[in-house]
2 protein chains.
Amino acid sequence: MPGKQAAAAEETANAGRIRRGQLLHIVESAERAFAEAGFAGTTMTRLAEAAGLPKANLHYYFGTKEKLYRAVLENILTLWLDDMAPIVPERAPAEALGAYIRAKMGHSRARPHASKVFASEILHGAPHLRGFLTHELRRRVAEKTRVIEHWIARGRMAKVDPVHLFFAIWAMTQTYADFDVQMRAVLGCAALGTAEYEAGEQTVLRLVLHGCGLTTEDINEGEQGPCRS
Amino acid sequence: MPGKQAAAAEETANAGRIRRGQLLHIVESAERAFAEAGFAGTTMTRLAEAAGLPKANLHYYFGTKEKLYRAVLENILTLWLDDMAPIVPERAPAEALGAYIRAKMGHSRARPHASKVFASEILHGAPHLRGFLTHELRRRVAEKTRVIEHWIARGRMAKVDPVHLFFAIWAMTQTYADFDVQMRAVLGCAALGTAEYEAGEQTVLRLVLHGCGLTTEDINEGEQGPCRS
DNA sequence: GTCTATATCGAGATAGAC
DNA sequence: GTCTATCTCGATATAGAC
């Protein structure tokens, strides 16, 4: 009975699609909830409210609160590594670092909750991220460090410790997501808008590029896209 | 009976002294415990263990877990504001900013737990610090912003947004306490030692000073202490 | 002032009807 | 697959002996 089989297959596919949709919906709403209160401070009741579902459904899909939290973290990690893609030896240092900083600032603005969940995890000893930090991240940093050293050796930028340069860039860009409450209090504004992000991006670009012996004009050197200084 | 009165007074003084000692001891051990797991993630049992006392004693002294946490926070806040003291119009910009950065880096190294408790509080919306952020901190930043603007107006440093400059300095220096786990994983070392802090301080100094149109040599301009570049 | 024993509540997790 | 009702445990907080 091919008709019945097809219907069954379609049903299975639909079920799978619905299931994946539910999983993604739960993970996304959980990201926001965990960002507000951290792992320990977020209750299953709160997570269920955030997803608009009964608690039992979350347990049905993820088993435990910890497994749901890990799913949220994994959903975030690729962002961090992918942002480093522009840093390749062929590109000009100012252009590559500028693109990296803009990508990081963009993520702070677009995915502030993701940044906060990550920050909270690291802050409290990263018990769920040991492997990621000591393997994937470490490898990626080592790889990009070689690119920076290559630029320095060729005299294309000043001699700066590449690893600490990354620490500085991470800190300055992620702080726009993680510490937004502090910024809003100091600036006296209800929310960080385009103006604040623009000013922040300019400041970070300035410190990093000048610190590396480059100028903000170097940014568009060899770039074909529209000028955006 | 002056003798008895004196003894009673001494006893009271001793009791007061012991009490203050106990309070301080509990607050200091609680700082470490809260830094490890955040407010929600730290149990009274854990706090009691950290202080080496029964749970009931903590409740006797502080009433509730939240009041103990607030005591820890208040113990920390003055640090943040006091570090800004070097920023006065009379000093040379490079020297003042350099002193500020070294003070902040010094605190990250000497009081990493304090930094983490503060970071965790801000990260989760600063429910216990609203007043501090919107009053004390905001006022202090406004005051120091005027100093920076004064330097810029006199052509003593480049035109940089003062508030975002502070955000950048806070982020870059505090990350050495808050994200030490990530740094240790990337660097492959068991603990951040003098070498790492030196390299970090040099990097932060470099980015900030060059970003402000100053050079690292400007730092000792007009300074009478020993050269420490 | 100090500590043991305990009350009370809310958390994560699950059983079982639908 | 979904949800209500419930179990169990560990949390904060306190009562009351010493």
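Throughout, a chain's letter reflects where its sequence line sits, starting with A, and its residues are numbered from 1.
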Next item on the list: Inspect the contact between A:Glu66 and A:Arg70 and indicate whether a charged nitrogen and a carboxylate oxygen are less than 4.0 angstrom apart.
Entry: yes
Check: Is B:Arg184 salt-bridged to B:Glu196, cutoff N-O under 4.0 Å?
Finding: no
Notebook entry, point to check: Which part of the nucleic acid, if any, lies within reach of A:Tyr61 when heavy atoms closer than 4.0 Å are counted: base, sugar-phosphate only, or nothing?
Noted result: sugar-phosphate
What is the separation between atom [atom1] on [X] and atom [atom2] on [N], rounded to the nearest whole Å?
X: B:Phe62; N: D:dT12; atom1: CZ; atom2: C1'; result: 16 Å
X: A:Arg19; N: D:dT2; atom1: CZ; atom2: C1'; result: 13 Å
X: B:Arg46; N: D:dT12; atom1: CZ; atom2: P; result: 12 Å
X: A:Gln22; N: D:dC3; atom1: CD; atom2: C1'; result: 13 Å
X: A:Leu58; N: C:dA11; atom1: CG; atom2: P; result: 15 Å
X: B:Asn57; N: C:dA5; atom1: CG; atom2: C1'; result: 14 Å

Next item on the list: Using a cut-off of 6.0 Å, state whether more than 12 heavy atoms not belonging to A:His135 lie near its atom NE2.
Entry: no
Check: Which of parallel (below 30°), tilted (30 to 60°) and perpendicular (above 60°) describes B:Phe118 and B:Phe132?
Finding: perpendicular
Check: Where along nucleotides 13-18 of chain C does protein come under 4.0 Å, by heavy atom, of base (B) or sugar-phosphate alone (S), with - for untouched nucleotides?
Finding: BB----
Notebook entry, point to check: With ring centroids as reference points, do B:Phe39 and B:His128 lie under 6.0 angstrom apart?
Noted result: yes
Next item on the list: May I ask you to check whether A:Glu201 and A:Tyr176 show a side-chain donor-acceptor distance below 3.5 Å?
Entry: no
